[in-house]
**Q** 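My questions all concern the structure below.
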Amino acid sequence: MPSTPPSPSTPPGPDTSADPDADADADAAQEAAAYAAELARTRAFFAVRAAGWDTKFPDDGPRYAAAVAELALRPGESVLDAGCGTGRALPPLRAAVGPAGRVLGADVTPEMLHEAAARHPGTAELLVADCARLPLPDAALDAVFAAGLLSHLPDPARALGELARVARPGARLALFHPVGRAALAARHGRAVTPDDLRAEPNLRPLLTAAGWRLTSYTDADDRYLALAERTPDAAAGETAGRDTNGGGAAGRDTSGSATRP
């Protein structure tokens, strides 16, 4: 009886195993899309409120000035108001560094910067920019002031790292709000929650990881102020958000525009 001929071998099918690089690219794209969407929501929220923003809180000026004083700025220094909005901190910042100093205001909402330029002409260089992707070189600043910023950031850790990148070792950071956390929560009809990033137990490690050392913390009904110092070995801050040329501007607002009133 003749033997049965062997069956032809089955050719191998396509490799169905996961491609780690493809998965990583997909995750990165999804993360970038979510970040951009959150940034767009922030822009939309503030754009329609910019013209009347200062009229809602007409008595905050002295509190801003007092918080700026805590930075102990000196004539000739460079300071950034991160998320400057309508520019309420710009006049006291300019007064502190004098005509030889440099004052910058960065915000993602052009309508807010339009108000800042109209209200405080000639006070600062105003940049349409994401605070997590600043068009500034490394170690360019002596201080950073940020009022009400943390709660509006898509990625607070990333932004704090970027602020560390553009700050010199020993530079000062002020995270400020004219009312404390409990008062602000009550204003919005809610209670303070344990996961609030502005709470000291949450904020301290967040700052440390980004390249800052918390030096002072106040959370009273009439003031929230966290002061920090840029640490010399801020490796996290030096690499956060950096593009290939070290300018940290990758992915910032596509206009890259600067308004100089």
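Quick note: numbers below take in every heavy atom, side chains included, and nothing from hydrogens, waters or symmetry partners. Sequence positions, counted from 1, serve as the residue numbers for this chain.
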**Q** When you group the ILVMFWY residues by side-chain heavy-atom contacts below 4.5 Å and let the links chain together, are Leu203 and Leu184 in the same group?
**A**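 Leu184 and Leu203: separate clusters.
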**Q** So, does Asp221 use its side chain to make a donor-acceptor pair with the main chain of Ala183 at under 3.5 Å?
**A** no
**Q** Side chain of His120, backbone of Leu90: donor and acceptor closer than 3.5 Å?
**A**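 The answer is no, because no donor-acceptor pair under 3.5 Å joins these two groups.
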**Q** Are Leu113 and Phe45 connected in a single hydrophobic cluster, I mean Ile/Leu/Val/Met/Phe/Trp/Tyr linked by side-chain heavy atoms less than 4.5 Å apart?
**A**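 Phe45 and Leu113: separate clusters.
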**Q** Can you hop from Leu93 to Met112 via hydrophobic side chains spaced under 4.5 Å?
**A** no
**Q** Between Asn202 (side chain) and Pro194 (backbone), is there a donor-acceptor pair under 3.5 Å?
**A** yes
**Q** Are Asp222 and Arg63 close enough, and set up right, to give a salt bridge (charged side-chain N to carboxylate O under 4.0 Å, His left out), and what steps lead you there?
**A** CA-CA 9 Å; Asp222 61 348; Arg63 297 181 185 182; 5.6 Å; no
**Q** Report yes or no: do Trp53 and Val48 belong to one cluster of Ile/Leu/Val/Met/Phe/Trp/Tyr joined by side chain heavy-atom distances under 4.5 Å?
**A**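 No, no single cluster joins them.
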**Q** Mind checking the CG-CG spacing from Leu173 to Leu71? Nearest 0.5 Å is all I need.
**A** 8.0 Å
**Q** Distance-only, no hydrogens or angles: does the Arg172 side chain make a donor-acceptor pair with backbone N or O of Leu227 under 3.5 Å?
**A** no
**Q** Would the distance check show the side chain of Trp212 and the main-chain N or O of Leu160 forming a donor-acceptor pair, the cut-off being under 3.5 Å?
**A** yes
**Q** Side chain of Arg94, backbone of Gly122: donor and acceptor closer than 3.5 Å?
**A** no
**Q** Identify, with sequence neighbours excluded, every residue that meets side-chain hydrogen bond (donor to acceptor under 3.5 Å, both in side chains) alongside Glu31.
**A**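 Not a single residue meets the side-chain hydrogen bond (donor to acceptor under 3.5 Å, both in side chains) criterion with Glu31.
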**Q** Do side-chain atoms of Asp219 reach the backbone of Arg181 as a donor and acceptor pair under 3.5 angstrom?
**A**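 Yes, because the side chain of Asp219 sits within donor-acceptor range (under 3.5 Å) of the backbone of Arg181.
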**Q** Which distance, rounded to the nearest 0.5 Å, do you find between the CD of Glu38 and the CZ of Arg43?
**A** 12.0 Å
**Q** Please tell me whether Tyr217 and Leu206 are part of a single hydrophobic cluster in this structure, the criterion being side-chain heavy atoms less than 4.5 Å apart.
**A**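 In one cluster: yes.
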**Q** Measuring from Glu70:CD to Thr218:OG1, what's the distance to the nearest 0.5 Å?
**A** 7.5 Å
**Q** Indicate every side-chain donor-acceptor pair of residues 141-153 with a distance under 3.5 Å to a residue at least two apart or in another chain.
**A**
unit_1, atom_1, unit_2, atom_2, d
Asp142, OD1, Arg168, NH1, 2.5
Asp142, OD2, Ser78, N, 2.8
Asp142, OD2, Arg168, NH1, 2.9

**Q** Just to verify, what does Thr55 make a side-chain hydrogen bond (donor to acceptor under 3.5 Å, both in side chains) with, not counting sequence neighbours?
**A**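 None.
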**Q** Between Arg230 (side chain) and Leu163 (backbone), is there a donor-acceptor pair under 3.5 Å?
**A** no
**Q** When you measure from the side chain of Glu162 to the backbone of Leu134, do you find a donor-acceptor pair of N or O atoms at a distance under 3.5 Å?
**A** yes
**Q** With a distance cut-off below 6.0 Å to the six-membered ring centre and an angular limit of 45° from the axis, does Arg133 pair with Tyr35 as a cation-pi contact?
**A** yes
